[in-house]
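Worksheet for the structure shown next.
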Amino acid sequence: MLDLRFIRENPDLVRKAIQDKGDKADLDRLLALDVTRREIIGAVENARAQQNKVTQQIAEMKKARQDATAVIAEMRGLSDQIRSLDDKLKGVEEEIYQIQIRIPNIPHESVPVGDPSHNQVVRQWGEIPRKGFKPLPHYDIADRLGLVDFGRAARMSGASFVSYRGLGARLERALINFMIDLHVSKHGYTEVSPPFVTKRDAMFGTGQLPKLEEDMYYIPGDDLFLIPTAEVPVTNLHREEILEGEELPLLYTAYTPCFRREAGTYGKETRGMVRIHQFDKVEMVKFVKPEGSYDELEKLLANAEEVLQLLKLPYRILCLATGDLSFAAAKCYDIEVWAEGMEKWLEVSSCSNFADFQARRANIRYRAFKGAKPEYVHTLNGSGLALPRTVIAIMENYQTAEGAIIVPEVLRPYMGVEVIR
RNA sequence: GGAGAGGUGCCGGAGUGGCUGAACGGGGCGGCCUGCUAAGCCGUUGUAGGGGGUAACCCCUACCCAGGGUUCGAAUCCCUGCCUCUCCGCCA
């Protein structure tokens with residue numbers, strides 16, 4: 001969320017951001033309402049000042065045992081007037097708020113402007129393997145080796161759910177442990193294991209609500225949402241808090257399942273497990289001081305890249321254009337891994353800097369030094385990594401002509417085997 | 001799920017309708033003093049919104065978990081929600 005005063009003082013900047021992101025928040029309406037708002041505030045506060053003065057008089061009259069009924073009767077009119085002004089103000093502020101919370105974050109100046117075709121490939125790592133045979137897509141390999149059960153999962157939960165099995169399940173677990181261990185012991189993150197459901201407030205804080213309500217699983221009886229990413233519970237760890245400057249940056253990593261309804265995406269990549277309703281992910285979340293947040297983004301990206309480097313999976317980095325940036329992000333890099341069987345780049349990570357956008361929504365602040373005025377922190381997060389597509393890449397890139405899968409070296413201690421056959 | 005208690009400033013903790021933006025204590029900050037010294041004394045110490053001033057700053061309004069209500073007037077009374085604690089039940 002952007003600050004109202006900032007919007008008022010930088011309307012052109014905000015308008016450009018809305019345009020560049022392909023959003024359609026009604027900025028002009030907001031600016032007009034803002035003027036009205038301040039007019040009403042002037043009136044209502046004058047009336048209140050008057051009311052306070054007379055109230056004081058009544059108290060004094062009562063103390064002096066004087067009759068105050070006439071004054072009290074007069075005050076009734078003023079009280080009604082205040083009430084009606086208040087109602088009007090509330091209406092205006094509510095409308096302002098509804099627009100304000102739908103205004104997207106402003107892209108950083110380094111972000112390419114335009115639709116997704118303007119996404120920039122920043123770099124590529126690793127060689128795309130050229131096998132001497134026709135590589136199979138992961139669903140065929142997984143099916144043949146009994147690693148993933150598509151049919152039974154669909155029977156109990158519906159389409160686009162999967163159930164891992166045997167060494168498939170083990171591979172999933174191995175990857176989670178490998179990633180968390182890496183981020184904790186080498187990159188300095190603290191492991192957390194947060195709730196997998198959260199309240200509306202938390203979803204609002206990270207920007208999932210109000211725009212993405214349709215994309216989330218919802219539990220009406222308890223007004224809870226299943227998390228679509230660990231970003232939500234982990235970022236909300238510090239909601240409504242004032243952190244100390246010296247404890248920043250705070251780095252967290254968490255494994256959670258992620259639940260996404262993927263409403264409206266049926267027909268897209270439905271085969272296999274490129275897009276499923278429940279998937280595992282290891283996430284990294286940072287709370288940092290504003291001045292260093294873009295450096296922190298580069299480090300975050302490097303931390304995610306290292307997972308793929310250690311797994312020896314080729315990937316490329318995209319700097320997303322404004323039109324592809326999410327609502328809350330100021331800048332975002334996507335990491336896409338090469339999947340040899342599908343012959344496709346698959347997104348396995350998004351590393352974003354949200355600047356103070358989430359912090360303002362979730363009210364996460366810090367004091368630069370003792371006694372300093374609290375300021376909003378900057379929040380960042382990135383997948384490190386999403387599991388199913390990483391699994392896909394391993395299955396497809398490490399497959400042999402005989403239909404087996406070589407286990408990447410770094411995973412062997414976690415897997416206990418060198419080859420899945 | 002049932003029964004009860006409670007949510008006040010940086011912290012502890014008063015306050016049951018007007019004199020309370022909030023006693024008292026602690027902490028922080030500033031100053032003073034000082035051979036009883038990890039002591040004493042004095043002062044100060046929230047946030048947001050609106051308006052005014054070149055500015056240091058000043059004025060007004062709001063905020064005692066949140067949202068409603070009663071009232072001329074609410075931290076104080078009523079309702080709802082959220083959260084915490086205790087006991088019982090159930091349970092991985």
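Letters A, B, ... mirror the listed sequences (proteins, then strands); counts begin at 1.
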Quiz item: Who is the Watson-Crick or G-U wobble partner of B:A14, with both distances under 3.5 Å?
Solution: none
Practice problem: Examine A:Phe196 together with A:Phe259 and report whether their ring centres are nearer than 6.0 Å. | Solution: no
Quiz item: Distance between the C1' atoms of B:G13 and B:C24, in whole angstroms?
Solution: 8 Å
Quiz item: Could you state the CG-P distance from A:Leu85 to B:A62, rounded to the nearest angstrom?
Solution: 14 Å
Self-check item: Test salt bridge (Lys or Arg N to Asp or Glu O under 4.0 Å) applied to A:Glu283 and A:Lys281, step by step
Solution: CA-CA 6 Å; A:Glu283 186 78 1; A:Lys281 180 157 62 67; 2.7 Å; yes
Quiz item: Quick check: does any side chain N or O of A:Arg102 sit under 3.5 Å from a backbone N or O of A:Pro210, one acting as donor and the other as acceptor?
Solution: no
Quiz item: Can you tell me how far P in B:U47 sits from the matching atom in B:A22, rounded to whole Å?
Solution: 15 Å
Quiz item: Does the gap between the ring centers of A:Phe225 and A:Tyr218 come in under 6.0 Å?
Solution: yes
Exercise. Evaluate the side-chain proximity of A:Lys211 to A:Asp23: yes if any heavy-atom separation is below 4.5 Å, no if none is.
Key: yes
Practice problem: Can you establish whether the number of heavy atoms outside A:Arg38 located under 6.0 Å from its atom CZ is more than 12? | Solution: yes
Practice problem: If B:C36 has a Watson-Crick or G-U wobble mate with both distances under 3.5 Å, name it; if not, just say none. | Solution: none
Quiz item: Which base sits across from B:G27 as a Watson-Crick or G-U pair, both distances under 3.5 Å?
Solution: B:U45
Self-check item: Separation of B:G7 C1' from A:Glu240 CD (nearest whole Å)
Solution: 15 Å
Practice problem: Walk me through it: do A:Asp149 and A:Arg155 pass the test salt bridge (Lys or Arg N to Asp or Glu O under 4.0 Å)? | Solution: CA-CA 10 Å; A:Asp149 192 332; A:Arg155 192 163 65 204; over 6 Å; no
Quiz item: Given atom CD1 of A:Ile82 and atom P of B:U61, what is their separation to the nearest angstrom?
Solution: 11 Å
Quiz item: Watson-Crick or G-U wobble partner for B:A66, using a 3.5 Å limit on both distances?
Solution: B:U80
Quiz item: Say you pick atom P in B:A66 and the same atom in B:U76; how far apart are they, in whole Å?
Solution: 11 Å
Quiz prompt | Along RNA chain B (nearest heavy atom to each residue), the more 5'-positioned of A:Ala59 and A:Arg5 | solution = A:Ala59
Exercise. Determine the Euclidean distance between corresponding C1' atoms of B:G27 and B:C79; express it in Å to zero decimal places.
Key: 38 Å
Quiz item: Where the side chain of A:Asn52 is defined as all heavy atoms beyond and including C-beta, which of B:A62, B:G51, B:G49 is the nearest nucleotide?
Solution: B:A62
Quiz prompt | d(CG, A:Leu33; P, B:G50) in whole Å | solution = 15 Å
Quiz item: How are the rings of A:His277 and A:Tyr217 set relative to one another: parallel (under 30°), tilted (30 to 60°) or perpendicular (over 60°)?
Solution: perpendicular
Quiz item: What residue pairs, at least two apart or across chains, pass salt bridge (charged side-chain N to carboxylate O under 4.0 Å, His left out) with a residue in residues 163-177 of chain A?
Solution: none
Write down the protein N/O and nucleotide N/O pairs, taken from nucleotides 71-75 of chain B, whose separation is under 3.5 Å; answer none if there are no such pairs.
residue: B:C72; atom: OP1; partner: A:Arg76; partner atom: NE; Å: 2.8
residue: B:C72; atom: OP1; partner: A:Arg76; partner atom: NH2; Å: 2.4
residue: B:C72; atom: O3'; partner: A:Ser79; partner atom: OG; Å: 3.4
residue: B:G73; atom: OP1; partner: A:Ser79; partner atom: OG; Å: 2.8

Quiz item: What is the distance from CD of A:Glu45 to C1' of B:G50, rounded to the nearest Å?
Solution: 5 Å
Practice problem: Please say which of A:Leu297, A:Val288, A:Ile364 ends up in a side chain to side chain contact (heavy atoms under 4.5 Å, CB included) with A:His378. | Solution: A:Val288
Exercise. Sticking with atom C1', work out how far B:C10 lies from B:C82, rounded to a whole angstrom.
Key: 24 Å
Self-check item: More than 12 heavy atoms of other groups within 6.0 Å of A:Gln66 CD
Solution: yes
Self-check item: salt bridge (charged side-chain N to carboxylate O under 4.0 Å, His left out) involving A:Asp143 - partner list, sequence neighbours excluded
Solution: none
Show each protein N/O and nucleotides 81-83 of chain B N/O combination with a separation under 3.5 Å, one pair to a line.
residue: B:C82; atom: O3'; partner: A:Lys199; partner atom: NZ; Å: 3.3

Self-check item: Short side-chain N/O contact from A:Asn46 to OP1 or OP2 of B:G50, under 4.0 Å
Solution: no
Quiz item: To the nearest Å, how far apart are A:Leu89 CG and B:A62 C1'?
Solution: 11 Å
Quiz item: Does any non-hydrogen side-chain atom of A:Met203 lie less than 4.5 Å from one of A:Glu213?
Solution: no
Practice problem: Rounded to the nearest angstrom, tell me the gap between atom CD in A:Glu375 and atom P in B:G46. | Solution: 18 Å
Practice problem: Please work out which of the three classes, parallel, tilted or perpendicular, describes the rings of A:His183 and A:His187, given edges at 30° and 60°. | Solution: tilted
Quiz item: Whom does B:C87 pair with, Watson-Crick or G-U wobble, provided both distances fall under 3.5 Å?
Solution: B:G2
Self-check item: Same-atom distance (P) from B:U61 to B:A74, integer angstrom
Solution: 14 Å
Quiz item: Pick the nucleotide of RNA chain B nearest each of A:Arg8 and A:Pro374; which residue has the one closer to the 5' end?
Solution: A:Pro374
Practice problem: Give the rounded distance in Å between these two atoms: CD1 of A:Ile96 and P of B:G49. | Solution: 13 Å
Quiz item: Hey, is CZ on A:Arg8 packed in by over 12 heavy atoms from elsewhere, all under 6.0 Å?
Solution: yes
Can you pull every protein N or O that's under 3.5 Å from an N or O on nucleotides 66-68 of chain B?
residue: B:G68; atom: OP1; partner: A:Lys90; partner atom: NZ; Å: 3.1

Exercise. Provide the distance between the two C1' atoms, one in B:G73 and one in B:C85, to the nearest whole Å.
Key: 35 Å
Quiz item: Quick one, which residues of residues 357-365 of chain A touch RNA chain B with a heavy atom under 4.0 Å?
Solution: none
Practice problem: Determine whether A:Ile405 and A:Leu147 make a side-chain contact, defined as any pair of heavy atoms from C-beta on separated by less than 4.5 Å. | Solution: yes
Self-check item: Integer angstrom distance from the C1' of B:U34 to that of B:C41
Solution: 11 Å
